[in-house]
Protein chains: 2
Amino acid sequence: MPRLADPELPARRRAQILEAARYCFHARGFRQTTIEDICGEARISPGALYRYFDTKADIIAAIALDARAQAEAALERLSTAEGLIEGLTELARSAFAGLEDAGDAALMAEVWAEAARDPLLAKALAARDVEAQARLSAAISAAVRAGSVYPALTPEDAAALLLSTLDGIGLRLALRREQNASEAVRRFRSLAVHVLKPKR
Amino acid sequence: MPRLADPELPARRRAQILEAARYCFHARGFRQTTIEDICGEARISPGALYRYFDTKADIIAAIALDARAQAEAALERLSTAEGLIEGLTELARSAFAGLEDAGDAALMAEVWAEAARDPLLAKALAARDVEAQARLSAAISAAVRAGSVYPALTPEDAAALLLSTLDGIGLRLALRREQNASEAVRRFRSLAVHVLKPKR
DNA sequence: ACCTGAACACCGTTCAAGT
DNA sequence: ACCTGAACACCGTTCAAGT
């Protein structure tokens, strides 16, 4: 018998469980998904699942953090100097397009609710958020130095405002399912223009 | 024996149950609150509770709708013509001050999550939202006619943007508990100024 | 008519037993 | 070392029995 079992097994199992969980959460939500659902989807027994995660809340937190990280990863593609307005518009477009899927939209709202009751998750999300805001703030600063925008606010305030509004519009979009994403994008764009005041 | 029992009893019982539920939800959240908790707080048995509400979800929906209605009721106090910026600032101040209570903040996030999975609740909240937006839109229109603001956006777009941002900033405030409400108010105010462009 | 509280079904978690 | 699946505790909901 092997002295050490496959050292990659734990990582594989965790990934397998998380993928199953993501699928179930997306379809039914955090609360309505049972451990049995996840086990069925992952083809694993409850006992095995609890070898890799201590509680259902831990699985939720992992998925929530990942969902949020993905949403914020789009910020990295923001060009730093010119085309800031276009970059932000594109960011909004992809964010809002994602929310047209009802499951994704519901998941977003549930992530916030979960964080509001789970201080550890809230802290993790806040850390991501601070980073995202710093990134946008830096992009705005660069654009100011390049002379392509003339915001009346500090880069920090402008960044905080834009990110808050991005989330706020996303929320309304998620709840008022009938209104379309393109109108939301148009509104966000006009906010960016009025806050950042681009040249010409 | 009375041919008709106290005709106000049902209404009283419902109110009694809802008050108990509100207390529990605020302290522990929708999910962590059990029917037994509510029954204990309301000094009533589970059987009696289910005479007045079909499911726990119905109780949640009632509280969620009420919480949201309260948040939006502040809009009614918005003066219609002059002092629009000050009125909006005051609105933000009271909204954000409420969120400094962690329980209220968590409840707000949970309301959204609940609505995202409950189409009926979503519809009820959306109706409130449409009304709130119409009200703000009308206030902006009145201010435009009075010549006190010169927005570059239509009143509808400006109203939608302001309300979205109000929610978005509130969300971040709820999750990043360390940052203070007054800074959030300041940011919202500068948004209002840049979007509405008041005279002088 | 209204209520109680035991009973039921379901779900998160554990653990003895298997390989 | 890793897994299975029955068992346990807990919670939403029902219902027979009381007044």
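Here the structure is a predicted model, which is why all the values come from computation and not from measurement. Just so we're on the same page: letters track the sequence lines, and every chain starts at 1.
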When rounded to whole Å, the CG to P distance for the pair A:D6 and D:dC3 reads 11 Å

Listing for DNA chain D: consecutive Watson-Crick or G-U pair runs of at least 3, distance cutoff 3.5 Å, ranges ordered by first number, gives C:4-8 with D:12-16, C:12-16 with D:4-8

A:E36 atom CD is separated from C:dG12 atom C1', nearest whole Å, by 11 Å

So CD of A:E72 and CG of A:L163: to nearest 0.5 Å the spacing works out to 7.5 Å

Under a 4.0 Å heavy-atom cutoff, the residues of residues 47-56 of chain A touching DNA chain C are A:G47, A:Y50, A:T55, A:K56

So ring pair (Phe, Tyr, Trp, His ring centres under 6.0 Å) across residues 96-154 of chain B, not counting sequence neighbours, yields none

When rounded to whole Å, the CD to P distance for the pair A:E8 and D:dA1 reads 18 Å

Atom CD1 of B:I38 and atom P of D:dG12 are separated, to the nearest Å, by 8 Å

**OP:** Taking the side chain as every heavy atom from C-beta outward, state whether A:I169 and B:D167 have any atom pair closer than 4.5 Å.
**Re:** no

Do other residues, nucleotides or ligands put more than 12 heavy atoms under 6.0 Å from the CD atom of B:Q32?
-> yes

Q. Do the non-hydrogen side-chain atoms of B:L136 and B:L162 ever get within less than 4.5 Å of each other?
A. yes

Note to self: Taking the basic N atoms (NZ, or NE/NH1/NH2) and the acidic carboxylate oxygens, is any pair closer than 4.0 Å for B:E110 and B:R31?
What the structure shows: no

Within the structure, does a side-chain N or O atom of A:R13 lie under 4.0 Å from either OP1 or OP2 of D:dC2?
no

query: At under 4.0 Å, does any side-chain N or O of B:T34 touch on OP1 or OP2 of D:dC11?
result: no

Closest of D:dT4, C:dC3, C:dT13 to the B:S45 side chain is C:dC3

To the nearest angstrom, the CD1-P distance between B:I35 and C:dT4 comes to 15 Å

A:I17 CD1 to D:dC2 C1', in whole Å, measures 12 Å

I'd like to know if B:R189 and B:E90 make a salt bridge, using a cut-off of under 4.0 Å between side-chain N and carboxylate O. no

Atom CD of B:Q32 and atom C1' of D:dC10 are separated, to the nearest Å, by 14 Å

Checking A:R14, A:E19, A:R13, A:R12 against A:Q16 for side chain to side chain donor-acceptor pair (under 3.5 Å), the one that qualifies is A:R13

Whole-Å distance, B:R43 CZ to C:dT4 C1', equals 16 Å

**OP:** Return yes when atom CD of A:E183 has more than 12 non-hydrogen atoms of other residues, nucleotides or ligands closer than 6.0 Å, and no otherwise.
**Re:** yes

